[in-house]
Amino acid sequence: MLELNLTDETMSFSNNLGSIPNRGSLQQADAFLNGVPYLQTINDITTGTPVGIHFEPGIWLAVPATTIPHEPFTVARMASIPHGTTIVAQGTALPPVAGKPTITAIDITPFIGGNPGNKIPFQNQIAANKTTRRLPQDLTALMASGKLTQAMITDPNTVLRNQIAHQTITQTIVIETSTKPGTPLSGGPLPAIPSPGPHPQAPSFAGGTANIAFLQGLPVPPPGGNGANANAFQMDAVFWIETVVYDIDVPALPPGTPPVILQPRQRSNVPLVPSFVAAIPFVPNKGFKGGHVRVATTQIQYSQKVMLDFAGLTWPHVSVASLVPAAPVPIPDHLLPLT
């Protein structure tokens with residue numbers, strides 16, 4: 001059974017935790033980490049009625065360079081998923097690069113025997129098939145609306161590339177993570193950049209997934225799913241943190257005008273955009289005459305693959321999303337001069 005979900009997602013971040021002391025030993029001095037708590041909630045909106053399908057509290061950790069082990073600065077994502085799985089994914093934040101990211105394909109085809117070379121394509125991966133084992137079974141309306149395409153099923157990262165196709169992105173930071181660092185999954189999302197060496201580039205060990213007994217099924221489940229109910233044995237994920245520039249037409253704002261919520265010009269050709277707010281201080285006889293402004297803000301995109309073993313097969317569970325600020329982005333004061 002293939003389940004396709006169109007989703008609405010919120011990722012909220014709390015203030016950083018400050019210095020988190022970790023004891024070192026022998027030649028390794030104490031290490032002081034930092035952490036940012038987050039909460040991810042996802043609703044399925046395929047039918048138009050939101051239904052909660054994911055709830056994930058977690059922490060992003062910043063780990064300084066160490067001598068034991070000999071590792072550069074790394075990041076780690078610790079998360080708990082109510083299905084009965086916890087993860088520690090480790091990786092690296094790569095140096096910022098100018099412009100848009102290159103987002104390669106990701107594969108959802110299951111395979112047998114724990115061997116990614118033994119793929120088992122299913123008829124439910126064909127969008128036009130209306131009688132296959134799939135939810136939703138008939139995709140005609142979703143395809144007619146453009147909300148779902150064959151390309152999105154074949155390669156879910158198509159959704160991410162569609163989002164950035166008509167955007168002006170000045171800078172991208174790439175974060176590569178895995179619960180099995182140095183052993184990326186076949187068919188994406190790693191590596192995120194075409195460079196030699198392992199991906200993530202560090203660290204090369206530790207991390208992992210932990211499942212409740214029900215999911216694992218057996219004390220030592222064999223590769224390929226025999227005996228497991230839904231054993232999540234690895235997760236790879238790439239996050240792209242992008243600086244996006246938007247064009248906003250701001251109307252004239254006479255003295256005393258309350259804050260005005262505005263949409264960027266890009267709303268017409270970008271699937272998801274933030275809103276902006278123009279607000280001026282009250283100064284008698286002074287207002288903003290109106291005009292075009294350009295404002296930069298942050299966009300987060302991610303592609304994640306969790307491998308699940310059950311029913312004798314290994315099933316890629318792929319999630320992708322583009323996230324923009326939920327609250328209106330303030331237009332900086334210097335772009336709204338009073339005259």
Side-chain angles (χ1 to χ4, degrees), residues 11-40 55-97 114 173-185 189-193 195-216 218-223 228 231-241 300 302 304-309:
M11 183 92 72
S12 57
F13 298 92
S14 301
N15 293 333
N16 74 72
L17 301 176
S19 181
I20 305 171
N22 275 31
R23 183 180 299 279
S25 180
L26 301 176
Q27 288 80 24
Q28 173 60 57
D30 292 350
F32 294 85
L33 285 57
N34 202 333
V36 176
Y38 73 91
L39 177 63
Q40 180 187 40
F55 178 88
E56 178 185 316
I59 297 176
W60 278 96
L61 287 178
V63 184
T66 57
T67 55
I68 302 176
H70 183 67
E71 299 285 3
F73 171 85
T74 58
V75 298
R77 173 182 163 204
M78 304 188 301
S80 297
I81 296 89
H83 292 292
T85 301
T86 60
I87 65 155
V88 175
Q90 301 177 99
T92 47
L94 305 177
V97 296
I173 298 172
V174 181
I175 299 176
E176 297 183 325
T177 62
S178 177
T179 57
K180 293 185 68 176
T183 312
L185 296 168
L190 298 172
I193 58 171
S195 66
H199 292 266
Q201 296 177 355
S204 59
F205 65 97
T209 64
N211 297 280
I212 61 174
F214 170 77
L215 296 179
Q216 191 167 303
L218 298 169
V220 185
N231 182 37
F233 66 87
Q234 183 169 344
M235 184 206 73
D236 289 0
V238 177
F239 287 78
W240 294 272
I241 303 175
I300 299 175
Y302 73 82
Q304 175 176 289
K305 180 187 284 186
V306 178
M307 303 306 283
L308 301 172
D309 274 349

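As the structure is a prediction and not an experimental result, all values here were calculated from the model.
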> Below 4.5 Å, heavy atoms only, C-beta onward: do Met307 and Leu185 meet side chain to side chain?
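In short, these two side chains touch, coming nearer than 4.5 Å.
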> Please round to the nearest 0.5 Å and tell me the distance separating atom CD of Gln90 and atom NZ of Lys180.
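Between atom CD of Gln90 and atom NZ of Lys180 there are 13.5 Å.
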> So, using side chain to side chain contact (heavy atoms under 4.5 Å, CB included) as the criterion, who are the partners of Pro223 when residues are at least two apart?
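For Pro223 there are no side chain to side chain contact (heavy atoms under 4.5 Å, CB included) partners, ignoring immediate neighbours.
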> List the atom pairs, with distances to 0.1 Å, where a side-chain N or O of residues 62-73 and a protein N or O form a donor-acceptor pair under 3.5 Å, not counting sequence neighbours.
unit_1	atom_1	unit_2	atom_2	d
Thr66	OG1	Pro69	O	2.5
Thr67	OG1	Gln28	OE1	3.0

> How long is the straight-line distance from NZ of Lys305 back to CG of Asp236, given to the nearest 0.5 Å?
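If I round to the nearest 0.5 Å, the distance is 8.0 Å.
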> Heavy-atom distance under 4.5 Å between the side chains of Val306 and Ile87, does that happen here?
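Not touching, per the 4.5 Å side-chain cut-off.
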> Rounded to the nearest 0.5 Å, how far apart are CD1 of Ile20 and CD1 of Ile59?
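The CD1 atom of Ile20 sits 6.5 Å away from the CD1 atom of Ile59.
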> To the closest 0.5 Å, what do you measure between OG1 (Thr86) and CD1 (Ile212)?
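Thr86 atom OG1 to Ile212 atom CD1 measures 10.5 Å (nearest 0.5 Å).
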> Taking all atoms of both residues into account, what is the closest heavy-atom pair of Ala192 and Val174, and its distance?
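So the minimum-distance heavy-atom pair works out to CB-CG1, 3.7 Å.
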> Could you pull out every donor-acceptor pair under 3.5 Å between side chains of residues 30-40 and any protein atom, sequence neighbours left out?
unit_1	atom_1	unit_2	atom_2	d
Asp30	OD1	Gly24	N	2.8
Asn34	OD1	Gly18	N	3.2
Tyr38	OH	Glu56	OE2	2.4
Tyr38	OH	Arg77	NE	3.2
Gln40	OE1	His54	NE2	3.2
Gln40	NE2	Glu9	OE2	2.8
Gln40	NE2	Tyr302	OH	3.2

> For Pro181 and Pro203, work out which heavy atoms get closest and say how close.
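That closest heavy-atom pairing would be CB-O, 2.7 Å.
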> Suppose the criterion is side chain to side chain donor-acceptor pair (under 3.5 Å): which pairs have a residue in residues 202-212, not counting sequence neighbours?
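Those involving residues 202-212 are Thr85-Asn211, Asn211-Asn231.
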> Do the side chain of Thr177 and the main chain of Gly91 share a donor and acceptor less than 3.5 angstrom apart?
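Absent.
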> Using 0.5 Å steps for rounding, measure from the CZ atom of Phe233 to the CG atom of Leu308.
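It is 8.0 Å, given to the nearest 0.5 Å.
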> Among all residues two or more places apart in sequence or in another chain, which pass the side chain to side chain contact (heavy atoms under 4.5 Å, CB included) test with Pro200?
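With sequence neighbours excluded, Pro200 shows a side chain to side chain contact (heavy atoms under 4.5 Å, CB included) to Thr92, Glu176, Ser178, Leu190, given in chain and number order.
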